[in-house]
Structures are given as C-alpha cells and as structure tokens.
Amino acid sequence: MELKQQDGDFNKRLFGDDFKWGVATAAFQVEGSCDCDGKGESIWDVFSAKRGKIKNGDKPHMACDFYKRYKEDIDLIKQLNIPNFRFSISWTRILPQGTGEINQLGIDHYNQVIDYCISQGIEPWITLYHWDLPQALEVKGGWTNREVVNWFSEFVRVCAHSFGDRVKYWMVMNEPSVFTGAGYFFGIHAPGRAGLWNFLPAVHHAIMCMAAGGRELRKILPDVEIGTTFSCSYVEPKSDKPRDVAAASRVDTLLNRLYIEPTLGMGYPVDGLPVLKKMDKYIQPGDIESMEFDFDFIGVQLYTREIVDHSFFTPYIHANIVGAKHRNVQITEMGWEVYPPAIYEILKKFNQYKSIKKLLVTENGAAFPDVVTDGKVDDPRRKAYLQQYLQQVLKAKQEGLKVDGYFVWTLTDNFEWAEGYNPRFGLIHVDFETQKRIVKASGQWYANFIKD
Ligand code: GCO
C-alpha cells in the first residue's frame with residue numbers, strides 16, 4: 001500500500017484493529033507529593049535536593065501534582081480518546097525502605113488510580129521500575145549490589161499481589177541503559193555515581209533484575225502480558241571510513257544491543273564492544289542463563305538518531321557522538337535531531353531478533369518550547385513530529401514488520417529529570433504555578449487521529 005502524506009488519508013485504521021494506542025508517564029516525573037502518605041525517600045528525592053544537579057534548581061516536590069490530581073488527568077486521557085495509559089509505581093510508596101515493611105497507603109493510592117482508569121474504560125499498563133530506587137537501598141550499594149535482585153523481586157511480588165487482579169499489562173523496567181549510563185557512569189542522573197566500576201555491576205544487576213522480575217510476575221500472574229522497555233537510537237557513522245564505521249558499531253552495541261541480547265539468552269555482545277569483557281568480574285555461574293526471560297512483548301523507546309565518528313580520546317568506546325546542533329538539522333528542545341526514519345530503522349533492527357514475540361513503541365515524542373496564546377497552545381512542530389514518526393511506524397507495519405502499539409511520551413509537561421521543567425514533552429500544557437492544564441493542538445490532533 002502506498003504511504004499517503006495527507007492528513008485525510010493517513011489514519012488509525014491503517015494500523016489495524018489490534019494496534020494499541022496509548023500515552024506514557026513516570027511516577028517521579030508527574031506525581032509530586034514526594035513525602036506524602038508514608039512514602040520513603042528515593043534516589044531522585046536525594047539527588048534533586050543537591051545543589052547544581054537539576055537545571056534552574058527546579059524541584060520535583062509538586063511536579064504535575066498527579067498524586068492528587070490523577071482523576072482530572074485520567075479524565076483528560078479519556079477526553080483525548082486514548083485507550084491505554086502507561087504509568088509507573090513508585091517503589092518507596094509501596095516499600096518505604098525498599099524491602100520489609102509495606103506501606104498500605106501507597107498500595108491504596110495505586111489501587112485508586114487503577115480503579116479509576118478502569119472505571120473510565122482506560123487500560124492501565126504498569127511500569128515497575130522507572131528509575132526511583134529507594135535511597136535506603138542505594139546506601140547499601142544500590143544497583144551495584146547483587147542483593148538488588150532479591151530486593152527488586154520482593155517489590156515485584158508485592159505489586160503483583162496488590163494489582164495483578166486488574167492489571168493485564170506489565171513492564172518490568174524502563175530503559176536500563178539510561179539509568180545505568182546516566183546514573184552510574186556519567187553521574188548526571190541519580191544517584192550521581194560515575195565510572196566503569198559502578199556502571200558494569202549496575203548493568204549486570206539491572207539485566208538480572210529484569211528477568212527475575214519477569215519470572216516473579218509470571219509465577220504469580222500466569223495470564224498477564226509481561227514486557228520490558230529499552231531506550232534505542234538509530235546509529236549511523238559520520239563517514240564510510242572504516243574507523244567511523246567501527247566506532248558507530250560500538251555505539252550501536254552500547255545503546256541498542258547491550259540490554260536486549262542477554263535478555264534474549266544471547267549473552268553480552270562482547271563482539272561489538274570489547275570493554276564488556278570486563279563484565280566477567282561480576283558474572284557468576286548460572287547468570288547468563290538467569291538473565292534470559294521470555295517476555296511477551298518488548299517496548300522500544302525512540303526519539304532520535306545519533307551520528308558517530310572515531311575518537312581516540314574517548315575511553316573504552318573510542319567513539320564520539322556528533323551533536324545534532326553541529327549538524328545543521330532540525331532539533332528538539334533536548335538538542336535531539338528530528339529524524340523520523342530512525343523509528344523505522346530501529347523497528348527493522350529489533351525485528352531481526354526472531355525470538356521477540358511482540359514489539360511496541362512504548363515511548364516516542366518531542367519537547368519544543370511551547371507558548372500559551374489566548375489560552376491556547378499551538379505546537380505544529382510536535383504535531384508534525386508525531387505524524388511523521390507514526391508514518392514510519394506504519395511503513396514498518398506495512399512491510400510486515402512486527403509492531404503492535406504506539407505510546408506517546410507524554411501526557412502532561414513534567415519534570416524532565418536533570419533538565420527540570422524546561423523541556424515540555426506533553427500533549428497537555430501545564431502551568432507549574434497554577435497547575436492549570438491546556439490541551440495542546442498536538443494533543444487534539446492525536447485525539448482525532450485515534451478516535452474510533
Ligand atoms: C526516558 C524516560 C522518560 C523521559 C523521556 C524524555 O525514556 O528517558 O522514560 O522518563 O522523560 O524519555 O527524555
């Protein structure tokens with residue numbers, strides 16, 4: 001079928017009746033109420049309180065006040081015709097110290113959110129870990145401590161028993177590459193640790209936890225759909241020079257292969273990134289087998305493309321990412337290139353892993369500087385971004401590639417981690433002073449597009 005560019009011809013029906021349309025959020029980015037109702041401290045509470053860690057000194061205490069305004073926001077999801085809502089559970093609302101004593105008020109809260117979604121005809125999709133590790137566990141080494149596999153399994157069991165009677169779709173983890181890379185290698189995200197010897201054990205234990213979490217869910221909830229999500233970027237070399245091509249392949253391994261391949265039972269992709277040999281130090285007998293889990297679906301989250309050249313000076317990887325702002329291309333507020341074919345290329349790449357049963361795009365979206373004019377937000381660039389990336393998803397589908405759903409990142413403008421409140425990714429504008437919501441033109445476009 002020919003891909004049509006006009007709005008009228010490009011419609012939801014082309015994706016098929018079973019395609020899942022949704023929107024995604026994360027607890028720490030939207031909830032606020034950081035110390036309400038018995039919640040314990042997470043690494044993001046601690047990190048964001050330190051000077052200089054978050055741009056403009058922005059504080060997460062209120063965020064979008066979703067903890068208190070969840071009904072209003074779920075009503076907006078309904079108003080936008082969005083049938084699937086992906087959100088995460090804050091570990092420290094459930095287990096304030098990470099393990100041990102359960103906080104019933106936290107469980108009650110998420111039960112209310114889940115029940116309200118269902119009462120409005122919206123399917124809840126739970127992410128179990130979206131980066132907010134309990135601080136009490138970080139003190140014991142956090143992701144670098146192998147014990148985290150037991151701590152995490154306990155958290156998964158509590159959630160499965162508490163919410164599993166109503167929640168049919170579960171994602172064990174959100175983007176392990178980002179929380180290990182930014183949090184344990186570069187130190188620019190919580191908990192702010194740096195260096196290879198923090199990074200490698202954090203990666204190994206995160207991958208062990210993904211599979212362990214999957215197994216816990218399956219044992220307790222044999223009938224639900226269990227997935228996990230990966231951050232991906234389409235990687236291309238800056239030139240055809242063999243050194244640039246090899247550098248791009250190492251970056252591709254780091255960004256796109258490192259986490260999925262052990263999960264599929266393929267072990268670490270040492271062939272593509274020799275420094276991974278050093279991971280041997282943390283691998284115990286049986287680990288390669290126990291990192292494997294047969295997920296019902298894999299979520300890919302993609303925003304951009306990276307262009308890579310060889311760099312002698314970058315340790316371990318000897319590669320350099322050529323920033324989009326130096327390439328004279330269209331960029332978002334995050335400095336990421338707008339490059340719609342990236343999503344098609346990543347779907348194609350992940351389709352080569354034959355053991356993946358289902359693939360969903362569990363995040364895609366863009367931050368642009370929005371302006372409120374006469375009570376309205378006209379954001380043509382976000383609308384164009386979503387439309388063009390979706391056209392590439394459709395192209396993949398029409399070529400027979402697996403792709404079964406698409407979730408926009410994100411519902412409301414929110415707390416964008418170390419970037420604070422400035423990058424606005426929402427379909428809905430939030431005035432962080434008054435908490436007033438305004439559906440942006442892109443939100444209205446998405447609502448019309450996915451309307452039955
Ligand atoms: C991620 C997270 C989100 C981010 C989004 C934009 O994918 O990094 O899931 O929390 O806000 O991706 O950076």
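Order of appearance sets the numbers: ligands from 1, and atoms from 1 within every ligand.
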(message) Taking the six-membered ring for Trp, are Phe297 and Trp125 closer than 6.0 Å centroid to centroid?
(response)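 That pair passes the under 6.0 Å test.
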(message) Could you check whether Phe449 and Phe10 have their ring centres less than 6.0 Å apart?
(response)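 Close enough - the centres of the two rings lie under 6.0 Å apart.
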(request) Using heavy atoms and a cut-off under 4.0 Å, could you grab the residues that are in contact with ligand 1, chain by chain, numbers ascending? (result)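 Residues near ligand 1: Gln29, His130, Trp131, Asn174, Glu175, Gln301, Tyr303, Trp336, Glu363, Trp409, Glu416, Trp417, Phe425.
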(request) Check whether the side chains of Arg86 and Thr362 place a donor and an acceptor atom closer than 3.5 Å, and report yes or no. (result) no
(request) Could you note down all residue pairs passing side chain to side chain donor-acceptor pair (under 3.5 Å) where residues 324-334 supplies at least one of them, sequence neighbours left out? (result) Arg327-Glu337, Glu333-Asn422
(request) Cation-pi check, Arg257 to Tyr268: give yes when NZ or CZ is under 6.0 Å from the six-membered ring centre and within 45° of the ring axis, no otherwise. (result) no
(request) Mind telling me whether Tyr70 and His109 have parallel, tilted or perpendicular rings, with 30° and 60° as the class edges? (result)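 Geometry flag for Tyr70 against His109: perpendicular rings.
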